Amino acid sequence: MIADLLETSIIISVLAATVRIATPILLAALGEMIAERSGVYNMGLEGTMLMGAFTAYIGAYYTGSLWLGVVIAMITGGLMSLIFAFMVITLKVEQIVTGLALNLLGSGLSIFWLRAAFANAGQTPTTPFFDTVPLPLLSDIPFLGPILFDQKILTYVAILLVPATWYFLFRTRYGLELRCAGENPKALDIKGLNVAARQYAAVIFGGLMAGLGGAFLTVGSAARFVPEMTNGRGWLAIVIVIAGLWRPVPVLLATLVFSFLDALQLQIQGIGVAIPYQLLLAMPYVCAILALAIRRSHSGAPAMLGIPYWRR
Amino acid sequence: MIERLGFRIEPRSETTAKGRALAVGVALAASLVLCALLFLAVGVSPFAAFQSLAQGAFGTWRAATETLVKATPLIFTGLATAIAFRARLWNIGAEGQVFAGAMFAYWCQSALAGNSAWIQLPVIVLGAMVGGGLYAGLAAILKTRFRVDEVISTVMLNYIIVFALSLLLLKGPWSEAGGFFEQTAKVDPGSILPILFDKTRLHLGFLLALVAAAFVYLMMKKSPVGFEIRAAGSNLRALEVQGTNSRRVILMVMLISGALAGLAGMSEVYGVHYRLKAGAITSYGYTGIIVAILGLLNPWGVVIAAILFGALVNGATFMQIKTGVPSALIYAIEAILLLFYLAGWAASSFKLKRIKP
């Protein structure tokens, strides 16, 4: 059995699955990273992703276009996070509690809407979903090709977002201002720059990405929507941002570790190793706690993360 | 923008009780309107829907007791959340602690099956409290010893325990012999919580929930423990300076919170379903968070909010039969209610101040 796992073709399939599984989490985590860099903890990520997954599915079903589904999911994610931003930035409600409310909203609204839309159907209808798009030449590279360059377009987008968010955060003026909103909002305010506007933008970007990540779960890889199908991915994304020290490349690495566990789990189940599948499924959550418990550095968090800014 | 009009928004030094009550009222009204719009969206007259909802919840004696049956676990989880939130400990883990309580109670009780109810009932109550408390205590230790944020750890623990239960139930040591479903066999009759009134399903768990509410009320109001909890909520640092060990307070709050949540699991398993299965104990933890917040983190407020939510759950089933509106609607309504309340409450904590004549 172990020998089976070490065969090249299996390794390639596990690693390719890792990259695929990483896509929705990476999208959500990078968005959350930007939001948290501006000082706002979006704990509503799970519900935002779930609504993204649902609206992508229902959008693709009614419009017949997968890409329209993706756009609708992003808009929904943006709207969810707009509610969140209004509540925590303008009204200064506790960020954790607001996030929970959004999670419950996403869960309730998606189940209700699903039941209302397909009340008379025995089973919810299926939609098509995206195919992989092998990149010419690159996908022919042995070993790396099938792992990295035979993926779906949204996966390429997610990977490209890693250098893009890095460049934005650390090499542009806007990125600097955004980080300043999270570290020292008062300095920004004294310069006459609007703290709230930057936080709104960052949170909404996070919502767009969470919506996109959610969309990948339905139109990106499955033919239908299942209630609660995000299954903790939004929360894992939040853990990944912390474990990734609020930096794009470590966030990518952390995402890959978690996705690898999941991919391995699928493969082990596939070849029928006699480990109870529940143990394998619980692995990412156990590892999330361990990752936070054993991390050596507790720095890296924006100084004002989670603390609303008051102009005094 | 407002400043150009000569006003500034400022936080009030403290929110008045009137302001809070107003916020709850406005939230209820706004949610009703939104609810009506959702009914219209699915093509049902809001009037008929609300009527069937109320009828299903309180229409008959049996319906009313059924509402209390549905409220029972929510009182426990609402109290659990209220205590933790009072101390500003964000225990999101009532969901998992409900599971832990039910599982530990089942584990203890199944070893004693056949004994008299006088032995089995105390065992399930204590077992549930220990199970829920230990699971919450795990999050407390992760927080105090390893600096793992309790929001994250409790959420992760919520996911983990679902798999643990499934492991025990699906072809595991607890699975029903020859059974097809992921559930235990029926529990021993001696361990069932007695029914309070004939021809209803209202069981002893409801009384226990009221006792728990009274206990929490007295603890918060009269005991030094309650003082420490409230002090931890307003200023943990000051408490430390004064010489109180904040780690001990955190552990204590989580143990009490988890024990209360654990009782919800026990009460559903031994009061309603008579067997342990995930479906019997799911979602009470998360709903309990809404119940706690809408109950103003006050034990009697929690009881009222839990009964309101019990009525919603109970009425929604009837509404689905009568009007065809999916009963899942209430989950959306609950979240909308919470959002409106939070917004209303926050708005009531601001005041407009003239800054220029």
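What you are looking at is a predicted structure, and each value in this text was computed from that prediction instead of being measured.
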Angle class for the B:Tyr159/A:Tyr285 ring planes (parallel below 30°, perpendicular above 60°, tilted otherwise)?
->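 Plane angle under 30°, so parallel.
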Describe, in one word, how the ring planes of A:Phe118 and A:Tyr61 are oriented to each other, choosing from parallel (under 30°), tilted (30 to 60°) and perpendicular (over 60°).
->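 Geometry flag for A:Tyr61 against A:Phe118: perpendicular rings.
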Is the closest side-chain donor-acceptor distance between [X] and [Y] under 3.5 Å?
X: B:Ser175; Y: B:Glu182; answer: no
X: A:Thr90; Y: A:Tyr200; answer: yes
X: B:Asn91; Y: B:Ser257; answer: yes

Criterion salt bridge (Lys or Arg N to Asp or Glu O under 4.0 Å) on A:Glu94 and B:Arg88, from CA distance to verdict | CA-CA 11 Å; A:Glu94 195 71 57; B:Arg88 290 182 74 79; 3.0 Å; yes
Part of [X] lying under 4.5 Å from any heavy atom of chain B:
X: A:Leu236; value: both
X: A:Ala288; value: side chain
X: A:Leu91; value: both
X: A:Tyr277; value: side chain
X: A:Asn103; value: neither
X: A:Met43; value: side chain

Can you tell me how far CG of A:Leu217 sits from OH of A:Tyr57, rounded to the nearest 0.5 angstrom?
->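 Separation between the atoms: 14.5 Å.
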Might you confirm whether atom CE of A:Met229 has over 12 heavy atoms from other residues, nucleotides or ligands at distances under 6.0 Å?
->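 For A:Met229, atom CE is crowded (more than 12 foreign heavy atoms under 6.0 Å).
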Can you say whether [X] sits under 4.5 Å from chain A via the side chain, the backbone, both, or neither, judging by heavy atoms?
X: B:Leu142; result: side chain
X: B:Ile152; result: side chain
X: B:Ile330; result: neither
X: B:Ile293; result: side chain
X: B:Val162; result: neither

Leading residue by heavy atom contact count with chain A [cutoff under 4.5 Å; candidates B:Leu338, B:Ile161, B:Leu167] |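 Sorted descending by pairs with chain A, the first entry is B:Leu167.
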Given the options B:Pro326, B:Ala335, B:Ser153, which has more heavy-atom pairs under 4.5 Å with chain A than any of the others?
->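 Result: the option with the highest number of such pairs is B:Pro326.
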Option that, when pairs with chain B are counted at under 4.5 Å, heavy atom only, ranks first among A:Val97, A:Ile242, A:Leu279, A:Leu102 |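 Counting heavy-atom pairs under 4.5 Å, the top option is A:Val97.
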Write down the atom of A:Trp246, the atom of A:Glu36, and the distance for their closest heavy-atom approach.
->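 Closest heavy-atom pair between A:Trp246 and A:Glu36: NE1-OE1, 2.7 Å.
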